[in-house]
Each structure stands twice: as C-alpha cells, then as structure tokens.
J.: 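Got a structure here, written out as structure tokens. Questions coming.
Note that these values count all heavy atoms, side chains included, but never hydrogens, waters or copies made by symmetry. Please read these numbers as outputs of a predicted model, since none were measured by experiment.
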Amino acid sequence: VCDGSGKAVYPESGSPETPLEDKGDWASARALEFQKSDYVAAAEAYGRAAQASVDMQTKARALQAQAGCLMKAGRTEESLTRLAELAGDLSLRNAVSAQGTLIVPNAQLLIIKQADGITASRGDIAALRQQALAGLVSRLNDYTDARLLSSQRRFLMRELPTLATETNAFPTLAAEELAAEYLERDPAPPLDSKLQSTRLAKVWRLPSADRTMVALVREVRLSVELTALLDSLAPPDVRVTLLPPGETVALPKPIPLQDAGEYMPGWRLSLSFRDGDPLAKAAARQTRFYLWSGFLVVVVIVMLALLVARYVAAQMRLARLKDELVSTVSHELKTPLASMRALVDTLLARRYRDEGQLRDYLQLIAKENLRLSHLIENFLMFSRMERRQRRFRFEDLAPETVVRAAVDAIGDRLAPSQCRFATWIGPNLPRIHGDADALATVLINLLDNACKYTNNDKRIDLRVYSANAHVIFEVADNGIGLDRGQVRRVFDRFYQVDQSLTRQRGGCGLGLSIVNYIVRAHGGAVEVESELGKGSTFRVSIPLSMRLR
C-alpha cells in the first residue's frame, strides 16, 4: 500500500525509535534494573512511575518494564497480573514502545508464553491466557488497524503458533513475508499500472490504476491461473498456454506466438491443437456448424426413437397383461362353468340314483358357484385397483368381527372333515380402524390360499393379537411352502408359484396382490415367512383406532 507520492505505507520500511526522557522514578528504576540487578526494587520503581504518569505512552512502557522485572525476580503470577492489567486497559491499546512497536500485542504474547510455564491447574491463569490469545489473534487478523506495524505483525504471526498449538497458521503470513521481501529488494514505486517484473525471482507486481496498491503474485501461480482461465474460454480443440518472458514451448508445428496484451508486456500466448493435424482441425472448423446441426438432428431423432420405444414397450406390456388376464380368466372361469354345466345336464337328464346323490350334485354346483363368485370378485377388485376406484369405508372395528366374517364366508372349506382349523384370539384386543368387508376379504384370501396349498393332512391356524400399536392377523399352514425367490414375488399380480400346481388347485394369481393392496390402503403391512415343504405364515399388521394411539 502506497501513499500519493509512491512511498510504501504498508509494509513500512521501518519506524523511528522514541526513547523516553531518563529522569525521576524512571531513571531510578532503570538504574536498579540494569546496574544493581535489584529487580524487585526496580519493579516497585516502575510501578510508581506508572502511577505518577499522566501520559499513556509512559504508563504503558512502565507497566511493561515492571512486568519484565517481576519475571526476572521469579514472580511469574505478579508479572502476569501486570501484563493483564496492561492488555486490558483500552486507553493503552495504541501505546508504542521505544522501538515503535505496539506494547499491548507484545504483552499478550508474554501472557501466553508465561502462562504455559505454570503447571498448576489454575483457572484464573487459564482464563488470562485464553483472553490474551483471543485478543491477539483478532488484532493480527484485523487489517484495518493501521497502527500495527507489518514487521511486528510478521513476528507475532510466526511466534504465536509455536506457543499456542491450538492456533492455526495465519493464512496471510506468506503474503506479509513476500511483501516485506519485495519492499526490501525493490523499493522503487511503480510508474504505470501494467504487469511488471520485480527483483525477486519469478515474482510479478500489478499496480492499481492510481498506483496506491500493488498486488504481488508468483510467476507459477499467475501462469497456472491465467492459463486455466484462458483454456476454459478457448474452443474445445484448442489449448492455450500463457508463457512468461523468455520461456519457450515445444510445438508440434510452427505456430506464431501471440502477445498477451499491453497490460502483460513480454508475456506471450501459445496456441496448439489438442488432437490431430492442425490443418485438418482448421478445415474441420469450417464445417463445424453443419456437424453440430447434424448432431442435434441425430440427438432429436434418438430421443424420439427412445420415446417411441418406451411407448411401444408400454403397449407391449399392456398387451401382455391383457393376454395374461384373458388367458387366466378363460382358464379359471372355464373349469367351474364346465363342471356346473356337466352337473346341471346330469340333473336335467335325471341321471342320479337317489336323493342323496342329488343333494351331493347340488352341493357340488353350489361349491363351484362359490368358487366362480370368488374369482369374479377378485377380478372386479383387481379392476378397481388398477383404475384406483376402490373406495374404503373406514370405521372403528373389533378384530373379532373381521375374523368371524371371514370364517363364516369360508367355513365349509375349514370343516373338521377337511382340515384341522384352529382360531386363537388374544384377550382384550383394542379396536382397529378399517373397512370390515375389505379386511374380511384379506383373511378370506389368506385362508383360501392356505387351504389350496396344503396337502391331505391340512393344518391351518388363525391367530390374532396386538403388538406395537397394531393388531396382528396371522395365518399359518403346513402346506407346500415357498422358497426365497417365490417369497419375493408372491405379491406380484398374476404370479403363480407353480403353473401345474396352480392349474390343479385353481386360482388366478391375484389374491395376494389384492391382500397387499388392501393392507397398504389401511396403513398396515403384510409379511410372509415360509420354508419350502414345511408351510407358510402370513402376518398382517393393521394400525389401532386413532383414539387409542
């Protein structure tokens, strides 16, 4: 930083010494300190000089000298007290020593140094040290403080990290030292505002327009930063390198170097091509517009093709889904209809032995009719799910009501003559919030699957209990079970564990997907635990009524 005449103001070249008049208590104290080495008496004399002084400069120097004598006398804590008094007096903030340096920052550095020497755990000493450290760091980073000399700032910046290990290195120290070295080697003020070399090796200066500020930058930093900037602005196939004066670069073919401009005299720009023959690149630039246009057209065509492909894939998936639906519906409806038609034809032709056989045929027709109704209800439910038109009527329910409705609906298949069915309902179950018919459908589908996928010795358990603010409906069987891959896909639409088994036992692969849909609509979750050949357990969790949560 320079003044209007070009003289350096910061960093300063030096500061004049301002010794005090050697008389009175001051003269007595100096004699006791330097001639008689009576540091205690000298400290007392300096103290009297500080109290008697009306000049803040003299008072600060006296307190500093008193603290020094106390330190020499081994009275560390008293010395710290005087230094703290000196550093804490705002009126002494800008007092300077005989050498022209500020006294308070030096006192703060001494507090940090002396406090580290006290090994006892003293909270007051630690507080003094922390206060001095914070104040000194703040002042060293404050560049609006024009009274702090650059030489003193550099000294303190170098010393402080060695005494206070919790203090990081000062980021401006390197710039301070570079500026001081520059001022010592090249004190002449700049004559213009262009980039200029200095007497420091590979260090350049750039004055401001009014030449009151000089920016110093190392050559390698300047070259790297400006090269990166220019390279980012250049076309993608061109490499730009900024060359300092006197530096050359090996080029694949002779390309004239360009001057960097009037503000960087002597610097040159090197242009080279990143790949291929420069002449071929130059010719390619003439057609670049057409190439880019063609590229954009290709991109648009590719994007349109991708959109069309996605649309076609979606239509194919939809068609495949329709085919699966039609195939499943045809197969699953054909079987009960064919059975019912054969039985009806038999009854119409009166080909039965007695009333018992007639009743058996009618029961078979009723069973196939129930199976057909269940299939149609699943298809309708699936259709409403796909169109998101299924509406639930939520209300507070007793879990026992849901269980009773499901068991009544499928009770014939759970008769003791066909399987061993057990129901266990926990005591004092809380009410749940849900649609009674929909939740009954969930249990009907789970119980129906348990019946279909168990062998002759059927054993089915339905348990209901509460846990973690949910009511748990658990259906367990001793059926064929599922492997890990089947467990992951068992809730997919139209997924059937085994084609031959599924066709033999009936079903359309929608039951468990409907279960999952209904349970999720109720804010719950459905889980399955299964082991191949040992059965499966389906566990449905339904949240409690809002009033109970």
J.: Test your reading of the model: is there a side-chain donor-acceptor pair from S138 to the backbone of G135, 3.5 Å cut-off?
T.: no
J.: What are the two closest heavy atoms between L136 and L156, and how far apart are they?
T.: CD1-CD1, 4.0 Å
J.: Could you state the interatomic distance from OG1 (T172) to CG (L178), rounded to the nearest 0.5 Å?
T.: 12.5 Å
J.: List the steps, then state whether side-chain contact (heavy atoms from CB on, under 4.5 Å) holds for Q131 with I111.
T.: CA-CA 10 Å; Q131 185 177 5; I111 291 174; over 6 Å; no
J.: Any salt bridge between E159 and K113, counting N to O under 4.0 Å?
T.: no
J.: For the side chain of T441 and the backbone of D437, is there at least one donor-acceptor N/O pair under 3.5 Å apart?
T.: yes
J.: At their closest point, which heavy atom of A164 faces which heavy atom of I112, and how far apart are they?
T.: CB-CG2, 4.5 Å
J.: Taking the side chain as every heavy atom from C-beta outward, state whether K458 and D477 have any pair of such atoms under 4.5 Å apart.
T.: no
J.: Going by salt bridge (Lys or Arg N to Asp or Glu O under 4.0 Å), name the pairs with one or both residues in residues 462-472, residues two or more places apart or in two chains.
T.: D461-R463, R463-E474
J.: How far apart are the closest heavy atoms of Q108 and A87, and which atoms are they?
T.: CG-CB, 3.9 Å
J.: Of all heavy-atom pairs between L429 and S466, which one has the smallest distance, and what is that distance?
T.: CD2-N, 3.8 Å
J.: Do R139 and V104 come close enough that some side-chain heavy atom pair is under 4.5 Å?
T.: yes
J.: Suppose the criterion is ring-ring contact (aromatic ring centres under 6.0 Å, His included): which pairs have a residue in residues 290-311, not counting sequence neighbours?
T.: W292-F295
J.: What distance separates L160 CG from T162 OG1, expressed to the nearest 0.5 Å?
T.: 7.5 Å
J.: Is it the case that atom CZ in R221 sees more than 12 heavy atoms from other parts of the structure closer than 6.0 Å?
T.: no
J.: Specify the closest pair of heavy atoms between G481 and Q486, including all atoms of both residues, with the distance to one decimal.
T.: O-OE1, 4.2 Å
J.: Evaluate the side-chain proximity of F394 to H522: yes if any heavy-atom separation is below 4.5 Å, no if none is.
T.: yes
J.: Which value, rounded to the nearest 0.5 Å, describes the distance between I301 atom CD1 and L296 atom CG?
T.: 11.0 Å
J.: Between C451 and I460, which heavy-atom pair has the shortest distance, and what is it?
T.: SG-CD1, 3.7 Å
J.: Using the ring-ring contact (aromatic ring centres under 6.0 Å, His included) criterion, which residues pair with H470? Sequence neighbours excluded.
T.: none
J.: Taking C-beta and beyond as the side chain, do L443 and L439 meet within less than 4.5 Å on heavy atoms?
T.: no
J.: Taking the side chain as every heavy atom from C-beta outward, state whether L446 and L512 have any pair of such atoms under 4.5 Å apart.
T.: yes
J.: Take atom CG of L90 as the centre, draw a 6.0 Å sphere, and report whether it contains more than 12 heavy atoms from other residues, nucleotides or ligands.
T.: no
J.: Hey, does E400 have a side-chain heavy atom less than 4.5 Å from the side chain of V464?
T.: no
J.: How about I425 and P399: do any of their side-chain heavy atoms sit closer than 4.5 Å?
T.: no
J.: Could you go step by step and tell me if T454 and R459 meet the side-chain contact (heavy atoms from CB on, under 4.5 Å) rule?
T.: CA-CA 8 Å; T454 52; R459 190 169 61 253; over 6 Å; no
J.: Assess whether a salt bridge exists between D408 and R404, defined as any Lys/Arg side-chain N lying under 4.0 Å from an Asp/Glu carboxylate O.
T.: no
J.: Using modelled atom types only, decide if a donor and an acceptor are shared between the side chain of R393 and the backbone of D435 within a distance under 3.5 Å.
T.: no
J.: Counting neighbours of CD on E166 that are heavy atoms of other residues, nucleotides or ligands and sit closer than 6.0 Å, is the number greater than 12?
T.: yes
J.: Kindly say whether G535 contributes a backbone atom to a donor-acceptor pair with the side chain of S530 at under 3.5 angstrom?
T.: yes
J.: Pair F491, V519 - check side-chain contact (heavy atoms from CB on, under 4.5 Å), show working.
T.: CA-CA 12 Å; F491 294 105; V519 172; over 6 Å; no
J.: Return the orientation label for the Y10 and Y143 ring planes: parallel under 30°, perpendicular over 60°, tilted otherwise.
T.: perpendicular
J.: Do R129 and I125 make a side-chain contact, defined as non-hydrogen atoms from C-beta onward lying under 4.5 Å apart?
T.: no
J.: Between CG of L80 and CD of Q114, what distance do you get to the nearest 0.5 Å?
T.: 5.0 Å
J.: Does atom CG of D354 have more than 12 heavy-atom neighbours, drawn from other residues, nucleotides or ligands, at distances under 6.0 Å?
T.: yes
J.: Measure from the side-chain N and O atoms of N141 to the backbone N and O of V137, and report whether any donor-acceptor pair falls under 3.5 Å.
T.: yes
J.: Measuring from L482:CG to R489:CZ, what's the distance to the nearest 0.5 Å?
T.: 12.5 Å
J.: Can a donor-acceptor pair be found, under 3.5 Å and without considering hydrogens, that links the side chain of D89 to the backbone of S91?
T.: yes
J.: Give the C-alpha distance, both sets of side-chain angles, the deciding distance and a yes or no for side-chain contact (heavy atoms from CB on, under 4.5 Å) between V442 and I542.
T.: CA-CA 11 Å; V442 168; I542 302 298; over 6 Å; no
J.: Say you draw a straight line from CD of E355 to CG of L362; how long is it, rounded to the nearest 0.5 Å?
T.: 9.5 Å
